[in-house]
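Quick notes on the structure that follows.
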Protein chains: 2
Amino acid sequence: MPDASALPAQPAPAVPPHVESVDTQYLESLVGYNARRAALAIIAQFLPRMAPYDLRPVDFSVLSLVAHNPGITSRQLCGTLNILPPNLVGMVGQLEKRNLIERLPHPRDRRAAGLHLTPDGETLVREAELRVAALEEEATARLTAAERKTLMRLLQKIYR
Amino acid sequence: MPDASALPAQPAPAVPPHVESVDTQYLESLVGYNARRAALAIIAQFLPRMAPYDLRPVDFSVLSLVAHNPGITSRQLCGTLNILPPNLVGMVGQLEKRNLIERLPHPRDRRAAGLHLTPDGETLVREAELRVAALEEEATARLTAAERKTLMRLLQKIYR
DNA sequence: TATTGTTATACTCTATAACTATA
DNA sequence: TATAGTTATAGAGTATAACAATA
């Protein structure tokens, strides 16, 4: 009986192989990879659409939270959006300079300030949220309404 | 008949309101917000788990693509992972220094180099992919297998 | 003339340490 | 003693311009 292990191994190719089309099957089997790619795809659509308002995703989130939570503090914004306090200071400062939000004294804690939209801020948030609704529609155009709802439910099962 | 418009408006509260618990309903109705939060949650679990291997998410993606596509070029990696060429140079250089990948001449294009795993790289990718499988399991623990599959299908409908 | 890979560099994002005023 | 907000600063991530070698 011939000893297979004594046979010469398949000779290494003299020429190293090259890749015709990249196989991404493995990465695309990972939830983390897919979530990140989808998030970046939506942000890429967000940026040009919201550029006329000079709002980055984080600015929009902050303004929107202030709109729906009048009197929210910087600390609460940080906790909700997972932003570190030193990194929020500049954002709030800029939004205040642009006359979109104002700081009022906190009724219970003199260390804190409650954030509120100005009339200009109200107007801008209203327009921005309309644009975002259109963007969401476009970004999820290949999903049915039911799929869109399912998608958000499943994503929230991961991070909430 | 009394003229309602002549009545004094509801007086503005003397004390500005404060927020007991933050209302995030609106943001959580946006696919972009949910996808980003889920992606960041998974990355936060990735970092400590892969720290022993000194691999960031992007390093893992690069190594994994080289593993499954022997001979892939830097240009192909950039296109697949949406990385700009100048930002890939350092990563590939580091992985080569760590003796995880090597560059072989490309059989068809003398400008390019084909990337291949070294034996050390093969070993590390095998272990890293096992860890990532465990991480995926943990991160999606509240999803059924069917939900996990659905989630990835829906995410791919957004970015592919 | 276009593309691969590279260098240099600027800009943005994220993180840590330390301080003040108030709780 | 702990917390809200702030300053300064370091590090990581992302972007553009320009170049050499090859297609």
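Here is the naming used below: chain letters follow the sequence lines, and residue numbers restart at 1 for every chain. Every heavy atom of this structure was used, including side-chain atoms; hydrogens, water molecules and symmetry mates were not.
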| query | Reading nucleotides 1-8 of chain C 5' to 3', which nucleotides get B (base under 4.0 Å from a protein heavy atom), which S (sugar-phosphate only), which -? | reply | -BBSSBBB

| In whole Å, what is the span from the CG atom of B:Leu47 to the C1' atom of C:dA15? | 13 Å

| A:Asn82 CG - C:dC13 P separation (whole Å) | 16 Å

| said: Could you tell me how far apart B:Ile83 (CD1) and D:dA12 (P) are, to the nearest whole angstrom? | reply: 17 Å

| message | Taking atom CD as the centre, does B:Glu137 end up with more than 12 heavy-atom neighbours from other residues, nucleotides or ligands that are less than 6.0 angstrom away? | response | no

| said: In this structure, how many angstroms lie between the C1' atom of C:dT9 and the CG atom of B:Leu84, rounded? | reply: 14 Å

| field | Distance in angstrom units between A:Leu40 CG and C:dC13 C1', rounded | value | 13 Å

| request: Assess the side chains of A:Gln76 and A:Asn69: does a donor N or O sit below 3.5 Å from an acceptor N or O? | output: no

| query | Taking atom CG of B:Leu154 and atom CE of A:Met152, what is their separation to the nearest 0.5 Å? | reply | 11.5 Å

| request: Would you please confirm or rule out a distance under 4.0 Å between OP1 or OP2 of D:dA23 and any side-chain N or O of B:Arg110? | output: yes

| said: Measure CG/B:Leu81 against P/D:dA15 and give the value in whole Å, please. | reply: 14 Å

| request: Applying side-chain contact (heavy atoms from CB on, under 4.5 Å), name anything that partners B:Ala112, two or more places apart in sequence or on another chain. | output: B:Thr73, B:His106, B:Asp109

| message | For the residue pair A:Asp59 / A:Tyr53, report whether a side-chain donor-acceptor contact shorter than 3.5 Å exists. | response | no

| Nearest-Å distance, NE2 (B:His18) to C1' (D:dA4)? | 15 Å

| field | Euclidean distance, atom CE of residue B:Met91 to atom C1' of D:dG13 [Å, nearest integer] | value | 8 Å

| query | So does B:Arg56 get a side-chain nitrogen or oxygen closer than 4.0 Å to the phosphate oxygens (OP1/OP2) of D:dG13? | reply | yes

| Between OG on residue B:Ser61 and CZ on residue A:Arg36, distance to nearest 0.5 Å | 8.5 Å

